[in-house]
Protein chains: 2
Amino acid sequence: MQERPRPSVGHGDDLLFLTDDNLLHGIELMFFAYKGFTSDPDRILQNYTYGRAHHRAVHFINRQPGITVNNLLAILGVTKQSLNRVLRQLVDDGLVDSRVGKVDRRQRNLFLTDEGQVLESELSGAQRLRMREAFKAAGPDAVRGFRSVLENMVDADMRKSIDRLQGKL
Amino acid sequence: MQERPRPSVGHGDDLLFLTDDNLLHGIELMFFAYKGFTSDPDRILQNYTYGRAHHRAVHFINRQPGITVNNLLAILGVTKQSLNRVLRQLVDDGLVDSRVGKVDRRQRNLFLTDEGQVLESELSGAQRLRMREAFKAAGPDAVRGFRSVLENMVDADMRKSIDRLQGKL
DNA sequence: CATTTTATGTCAGCATTGTTGACATTACAA
DNA sequence: TTGTAATGTCAACAATGCTGACATAAAATG
């Protein structure tokens, strides 16, 4: 696993970690890890009439209570028609509360009801458990690296949404 | 179940990197990074009549030329009906060649045709580019951490498939 | 105040990709 | 010969994307 230094273009940087094989490995890891990452919530959601799209909505409403529909749309990156279908079910089923905005009455501020929070914590509990085990097995240094690589893989136009969210941690 | 941040195996480990905030951050990073990760291929695929499922099939056929349908099914984790729909299109369109197995004539060995390889390299080129930029920006230590965390996030029942693939790197 | 723009909701239709269930064919294995 | 395995296919359905069109209410603007 050690990389022996090799002369490279001028700077003396060792860029052997950028070989196509390593990139391919990373690409496949993203695929397999994402599958693992979503598998627990997917299994839980089968006991409900909900899918992954509902999970995402519930997650980000819990993450930023009172979030507007437009902000949620920006985060999820889907059309309003697609989100609305999911949101309508959650509101009808009493998991999400949609309140008219106080400053701008055109807006709707979204909140989880008590029942919505029950589902949210069941889903996020399973997901956190897997993440915690992976973090623990890999160690704190690895977690920093994990974060760094993933941050750099995000699309530029998502940065604003992400930074706003992470400011709330 | 719930572990408080406290030393574990006598190493005086600091488990503060396992706080719920850090886990939440990791969870959201997976979501946003995966979106970025798939965005370039998705954009390219819009110029074809293909979708993400075709990309996955093409990727793993290229990765392990001659792979059997059953092995591909195990890797992708979908039903044979779902895969077959995609595979049939690719074969009909002349991107994939399906040859009767030589040792076991029940099996079909899958190969990319020249045309299939053109699509594959267009897709993987875009994906490698993004991965390379993320790796480069994060650095080799971070890449090791990225790998370690993701490896630990994979479902146990995928290990065999993964190890077989990575043995070919 | 009149007009325009914004935020949201909704209907209809369609595409992709996943599912289950059933059934057929071929070929290997016991 | 019988059973099982690998593959293909038909049909129906579900989840979740998309586009386009239209409606309403409220804010913003001239």
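Per chain, numbering begins at 1; letters A, B, ... match sequence-line order.
Side-chain contact, Glu120(A) with His55(A): no donor N or O sits under 3.5 Å from an acceptor N or O.
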Using atom names, set out every protein N or O paired with an N or O of nucleotides 27-29 of chain C below 3.5 Å, distance rounded to 0.1 Å.
unit_1: dA27(C); atom_1: OP1; unit_2: Arg105(B); atom_2: NH2; d: 3.1
unit_1: dC28(C); atom_1: OP1; unit_2: Arg105(B); atom_2: N; d: 3.0

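Spacing between atom CD of Gln46(A) and atom C1' of dG18(C) amounts to 11 Å, rounded to whole angstrom units. To the nearest angstrom, P of dG9(C) lies 15 Å from CZ of Arg99(A). One can place CG of Leu83(B) at 12 Å from C1' of dT17(C), the figure rounded to the nearest angstrom. The distance from atom CZ of Arg85(A) to atom P of dG13(C) is 14 Å, rounded to the nearest whole Å. The separation between Lys80(B) atom NZ and dC23(C) atom C1' is 9 Å, rounded to whole Å. Protein atom CD of Gln81(B) is 12 Å distant from nucleotide atom P of dA22(C), rounded to whole Å. Put simply, CG on Leu90(A) is 13 Å from P on dG9(C), counting in whole angstrom units. Per the geometry, CZ belonging to Arg108(A) stands 18 Å off P belonging to dT6(C), to the nearest Å.
No salt bridge links Glu133(B) with Arg130(B); every basic N to acidic carboxylate O contact stays at or beyond 4.0 Å. Using a cutoff of 4.0 Å between basic side-chain nitrogens and carboxylate oxygens, Glu28(B) and Arg56(A) are not scored as salt-bridged. Salt-bridge formation is detected for the pair Asp42(B)/Arg52(B): a Lys NZ or Arg NE/NH1/NH2 atom is positioned less than 4.0 Å from an Asp or Glu carboxylate oxygen. Salt bridge status for Arg43(B) with Asp40(B): present, with a side-chain N to carboxylate O gap under 4.0 Å.
Cation-pi geometry between Arg99(B) and Phe111(B) is met: under 6.0 angstrom from the ring centre, within 45 degrees of the axis.
Backbone-only contact: His54(B) has heavy atoms under 4.0 Å from sugar-phosphate atoms and none from a base. When heavy atoms are screened at a 4.0 angstrom cut-off, Arg88(B) is found touching the sugar-phosphate backbone but no base atom.
DNA chain D is contacted by both Arg52(A) and Asn71(B); Asn71(B) maps to the nucleotide lying nearer its 5′ end (nearest heavy atom per residue). Sequence order on DNA chain D of the closest nucleotides to Gln89(A) and Asn84(B) puts Asn84(B) first from the 5' end.
Residues satisfying the ring-ring contact (aromatic ring centres under 6.0 Å, His included) criterion with Tyr34(B), sequence neighbours excluded, are Tyr34(A), Phe37(B).
Leu24(B) places none of its side-chain heavy atoms less than 4.5 Å from the side chain of Met131(A).
Partner of Leu112(B) under the side-chain contact (heavy atoms from CB on, under 4.5 Å) criterion, out of Val58(B), Leu95(B), Val118(B): Val58(B) alone.
Nucleotides of DNA chain D with any atom under 4.0 Å from a heavy atom of chain A span, from 5' to 3', dA15(D) to dA27(D).
Dashed line: the shortest gap from a side-chain N or O of Ser82(B) to OP1 or OP2 of dT17(C) is not under 4.0 Å.
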